[in-house]
Amino acid sequence: MKSPPFHAIFRPLTTGVAALLLLPPGCGLGYTPPPAPTSPALTATEQARLVRGHAIHQAKCATCHAFVDPSGYSERELRERIFPVMARKSELDPAARQAVLDYLIAVRQP
Amino acid sequence: MKSTLHTSRSGRLVRNFACFGTLLSLAATAEAGNRRFVYSYETTTMAAGAMELETSVTYKTDKGSDPDFQRFDIRHEFEYGMTDRLQLAFYFLDWRYEESAKESGTTTFHDVALEAIYNLTNPNTCPFGSALYGEIKGSDDFIELEGKFLLQKNLGPWMFVYNIGGAIEWEHNYEDDKAELMQSVGVAYQINPAWSVGAEALHEIECPDAESLGDSVVYLGPNVSWRKGNFGLSTTAMWQLTHLDGEPDFQIRTLFSIDF
């Protein structure tokens, strides 16, 4: 059997890839990180830190793996067992660490 | 407490501009540990200062034109994050073991190589990830230049990558040149942060000269990847879907990596 010509494989593949790239994020294919929650109980600084925590999570943590819902862990487990290891892997500075941890705890459903 | 994700059209526009801004200012960071795919590259690069040792073993067999054929290609690589966007790699020893109608079990040094991956957009903060890839490979007998454009889309636990590029090689004391075009795709589903499963496909085509294209060879097969702590292991086995006698019908590649 003769192998197919280049364009016969190239065209459908690149069309499929282009369509895929244009899909909006979080289009029902899985759980994406929720945005930083808002609450009147938070000060402006605390609110800004949560927004920053969400952004850092996306830029740093998500490069290695998709969002892991923090609701699956106790707050203590997150703070003491998981987060220190992951923050080191992401090479976060102390302020960024605090922001991501606050964000994870804020979106965690107890 | 949970709020809903509200993406307005203007919000999207702002985000796209922001991505373009990051692309230009190169301010954002991107990093990754061990690779999931073994034939395709992801667009994310290591963090500045991060280091990794990686060994890749590719086994090829079942050539229609040579029933005795089997070959192991082994590459040892040191990867380093120069900046948060630029990752360099030095392949300090690439060697192969081959059995064929012509060779009866010989081990030969093949080449050393330098590779660079430059991340343009981060797939988690932009609508999709993109990066440029370049490699120069050679020995005392040949030199090869390879370039690729890498794309990546992340959708929740799903990751899609697409690579397209080409290579040009001068062999036999740099006299004869030949070129090859390639494209590859990878799909992976993350079961949890440690395990992911998926599939990879590879399409290669030789270009004997600038005007004509040779025959296409297409491979497809399953992929699995596992990571724990600083250690990573990924493997893909692929079967030839086309029927080119001169190309192996089966190949499997495994990557072992250690971050430090």
Side-chain angles (χ1 to χ4, degrees), chain A residues 1-10 13-14 16-39 41-42 50 54-68 71-72 82 85-86 89-92 96 105-110, chain B residues 1-7 12 28-34 42 44-45 47-50 84 122-125 127-130 151-160 162 164 181 183 185 189-190 192-194 196 201 203 205 213-218 227 229-230 241-244 247 259:
Chain A
M1 195 182 107
K2 216 177 133 13
S3 81
F6 187 66
H7 63 82
I9 303 167
F10 183 76
L13 194 58
T14 44
V17 168
L20 185 71
L21 293 183
L22 294 174
L23 280 180
C27 58
L29 269 178
Y31 190 53
T32 45
T38 46
S39 157
L42 295 173
L50 292 187
H54 173 250
I56 299 170
H57 184 283
Q58 284 304 86
K60 293 279 196 169
C61 310
T63 52
C64 272
H65 51 72
F67 184 64
V68 185
S71 313
I82 300 166
V85 180
M86 295 300 145
K89 276 186 188 283
S90 315
E91 299 185 22
L92 301 183
I105 290 175
V107 295
R108 192 176 150 266
Q109 311 264 308
Chain B
M1 190 179 13
K2 213 173 196 177
S3 61
T4 47
L5 185 64
H6 190 78
T7 345
R12 268 206 302 275
T29 57
E31 62 190 74
N34 334 75
E42 290 162 40
T44 45
T45 50
D84 279 336
N122 182 334
N124 302 303
T125 52
F128 57 83
S130 57
L151 287 167
Q152 177 174 346
K153 181 81 177 177
N154 290 353
L155 291 168
W158 292 92
M159 179 190 284
F160 302 84
Y162 174 71
I164 181 160
L181 293 175
Q183 54 178 347
V185 282
Y189 177 79
Q190 175 188 300
N192 56 42
S196 77
H203 172 205
I205 186 159
L213 292 175
D215 288 325
S216 286
V217 56
V218 179
R227 304 177 294 180
N230 295 342
L241 300 184
T242 41
H243 296 86
L244 287 193
E247 298 293 337
D259 293 334

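Chain letters run A, B, ... following the sequence lines, proteins first, then strands; residues in each count from 1.
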For residues [X] and [Y], report the shortest heavy-atom separation together with the two atoms involved.
| X | Y | answer |
| --- | --- | --- |
| B:Pro157 | A:Ala66 | CA-CB, 3.9 Å |
| A:Leu21 | B:Leu151 | CD1-CD1, 3.7 Å |
| A:Cys64 | B:Arg227 | O-NH2, 2.6 Å |
| B:Gly229 | A:Lys89 | O-NZ, 2.7 Å |
| B:Pro193 | A:Val68 | CG-CG2, 3.4 Å |

Item to complete: Would you give the length of the straight line joining atom NZ of A:Lys60 to atom CG of B:Asn122, rounded to the nearest 0.5 angstrom?
Response: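 Rounded to the nearest 0.5 Å, the NZ-CG separation comes out at 10.0 Å.
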Worksheet item: About how many Å separate CG of B:Asp84 and CD of A:Glu91, when rounded to the nearest 0.5 Å?
Response: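 Here the rounded value is 8.0 Å.
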Worksheet item: Is a side-chain donor or acceptor of B:Asn124 paired with a backbone partner of A:Ala62 at a separation under 3.5 angstrom?
Response: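 Flag set: sc B:Asn124 to bb A:Ala62 pair under 3.5 Å.
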Worksheet entry | Heavy-atom pair count under 4.5 Å with chain B, highest-scoring of A:Thr14, A:Val85, A:Leu20 |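 Most heavy-atom pairs within the cutoff with chain B belong to A:Leu20.
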Practice prompt. Check the pair A:Leu13 / B:Tyr162 against side-chain contact (heavy atoms from CB on, under 4.5 Å), numbers first and verdict last.
Written response: CA-CA 9 Å; A:Leu13 194 58; B:Tyr162 174 71; 4.0 Å; yes
